[in-house]
Amino acid sequence: MLSHALKSSPFFVTSVLYFTMYDSIHTPSTVAVVTKVLPIASLIMFVLFTDVATKFSRGILLGLVVSGVGDYFMVYKETSFVEGVLAFAIAQIIYAMTFGLTPIKPLSLMFCLLSASAMYVYLYPGLHGKYVVLIGLYNILIYGMVWRAMSRCRLFEGDWTWGQLLCVIGSVSFTISDFVIGVDKFRHDVTIPYINVIVMATYYLAQFLITMSVTDCVTTKEITKKTK
């Protein structure tokens, strides 16, 4: 546990750095890119130093790398918003596949479909042109990721791990971040105070919790060694 805390400390340091410097880096620049991506880079290093031997950990690692690319585009969102959405769409696919495509869990699927529909209906009045389809598809993908995270965590069946639960909480936090981004961009009749803080706090929390799920792989291997 102490080892994981030490390896994750750069994430907290770089996250604090980002929020501390936000007022001076709110305009697109190389410094803004580096400052925004550093917390994700620290999570990438966490996975590299924790476990890269399992397919699950490598999937999380790849998702973080693609998310970092998405962060780059989102710094320049005035001209590269579509590219940012596409990068994060790929990240959602990677995470969903990493979480596994079974079991189906119809109730979780129904919950995610209803949530995705509600989000899309709320944003729809502000959507136009290519965004009608793009945001609709992204909505499906991110809630597909939430569905897969929920499906692998059998909380009410007593068959779950902390890593699985962290994935669920992280995936939901991801949707909150993206929903607020959507409201800011497409619902100009709605004003959300401290919007940038909310977006980045929920986003960094999401990526942190999803990343911490790789510790399950380490725990499983340690238990396996002890039982041999």
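Every heavy atom of this structure was used, including side-chain atoms; hydrogens, water molecules and symmetry mates were not.
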Greater than 12 external heavy atoms within 6.0 Å of Lys185's NZ: yes
Distance-only polar pair, side chains of Asp178 and Tyr203, donor-acceptor under 3.5 Å: no
Phe19 atom CZ, neighbour heavy-atom count above 12 within 6.0 Å: yes
Atom pair OG/CE of Ser67 and Met74 - distance to nearest 0.5 Å: 11.0 Å
Flag side-chain contact, heavy atom, 4.5 Å: Val31 against Met21: yes
Short side-chain to backbone donor-acceptor contact, Ser15 and Pro39, under 3.5 Å: no
Hydrophobic cluster identity match, Val168 and Met97, side-chain contacts under 4.5 Å: no
Side-chain touch Phe186/Ile181, heavy atoms, less than 4.5 angstrom: no
Cluster overlap Met119 with Ile198, hydrophobic side-chain contacts below 4.5 Å: yes
Check: Tyr95 and Phe174 side chains under 4.5 Å, non-hydrogen atoms: yes
Sub-4.5 Å side-chain heavy-atom contact between Glu78 and Pro28: no
Heavy-atom side-chain contact between Leu38 and Leu17 under 4.5 Å: yes
Single hit among Ile60, Ile44, Ile40 for side-chain contact (heavy atoms from CB on, under 4.5 Å) with Val65: Ile44
Under the ring pair (Phe, Tyr, Trp, His ring centres under 6.0 Å) test, residues paired with Tyr76 that sit two or more places apart: Tyr72
Validation row, ring centre Phe179 to ring centre Tyr122 under 6.0 Å: yes
Between SG on residue Cys167 and CG on residue Leu209, distance to nearest 0.5 Å: 8.5 Å
Val82-Tyr120 co-clustered via ILVMFWY side chain contacts under 4.5 Å: yes
Aromatic ring proximity, centroids under 6.0 angstrom, Tyr204 and Tyr18: yes
Side chain proximity check, Tyr22 to Met200, heavy atoms < 4.5 angstrom: no
Over 12 non-hydrogen atoms of neighbours within 6.0 angstrom of CG in Leu107: no
Step-by-step side chain to side chain contact (heavy atoms under 4.5 Å, CB included) determination, Leu86 to Leu134: CA-CA 9 Å; Leu86 292 175; Leu134 181 64; 3.9 Å; yes
Closest non-hydrogen atom pair between Ala91 and Val66, with its separation: N-CG1, 3.9 Å
Any donor-acceptor pair under 3.5 Å from Asp71 side chain to Lys36 backbone: no
Donor-acceptor pair, side chain of Arg148 and main chain of Pro103, under 3.5 angstrom: yes
Thr35 side-chain N/O to Ala32 backbone N/O, donor-acceptor pair under 3.5 Å: no
Evaluation steps, side chain to side chain contact (heavy atoms under 4.5 Å, CB included), between Val183 and Ile192: CA-CA 8 Å; Val183 171; Ile192 300 178; 3.7 Å; yes
Euclidean distance, Ser108 OG relative to Met150 CE, rounded to 0.5 Å: 4.0 Å
Over 12 non-hydrogen atoms of neighbours within 6.0 angstrom of CH2 in Trp162: no
Lys7 charged N/C atom sitting above Phe49 aromatic ring, 6.0 Å / 45°: no
Side-chain touch Ile104/Trp147, heavy atoms, less than 4.5 angstrom: yes
Exam field: side chain Thr211 to backbone Leu43, donor-acceptor pair closer than 3.5 Å: no
Rounded distance (nearest 0.5 Å) linking atom OH of Tyr124 with atom OG of Ser117: 14.0 Å
Short side-chain to backbone donor-acceptor contact, Ser115 and Cys112, under 3.5 Å: no
Side chains of Trp160 and Leu165 in contact at under 4.5 Å (non-hydrogen atoms): yes
Backbone N/O of Ala5 and side chain of Ser8: donor-acceptor pair under 3.5 Å: yes
Donor-acceptor under 3.5 Å (Thr175 side chain, Val172 main chain): yes
Nearest non-hydrogen partners of Phe46 and His4, listed with the distance: CE1-O, 3.5 Å
Separation of Thr215 OG1 from Leu166 CG (nearest 0.5 Å): 7.0 Å
Closest non-hydrogen atom pair between Thr202 and Ser177, with its separation: OG1-CB, 3.1 Å
Whether Asp51 side chain and Ser57 backbone form a donor-acceptor pair below 3.5 Å: no
Flag, side chain of Arg58 to backbone of Ala53, donor-acceptor distance under 3.5 Å: yes
Residues Ser213, Phe56; criterion side chain to side chain contact (heavy atoms under 4.5 Å, CB included); working and verdict: CA-CA 9 Å; Ser213 67; Phe56 183 89; 3.3 Å; yes
Met145 with Leu101, same ILVMFWY side-chain cluster at under 4.5 Å: no
From CD1 (Ile93) to CG (Leu62), nearest 0.5 Å: 11.5 Å
Mutual orientation of the aromatic rings belonging to Tyr131 and His128 [parallel < 30°, tilted 30-60°, perpendicular > 60°]: perpendicular
Tyr138/Phe88 aromatic ring centres below 6.0 Å: no
Shared hydrophobic cluster for Met212 and Met45 (ILVMFWY, side-chain gaps under 4.5 Å): yes
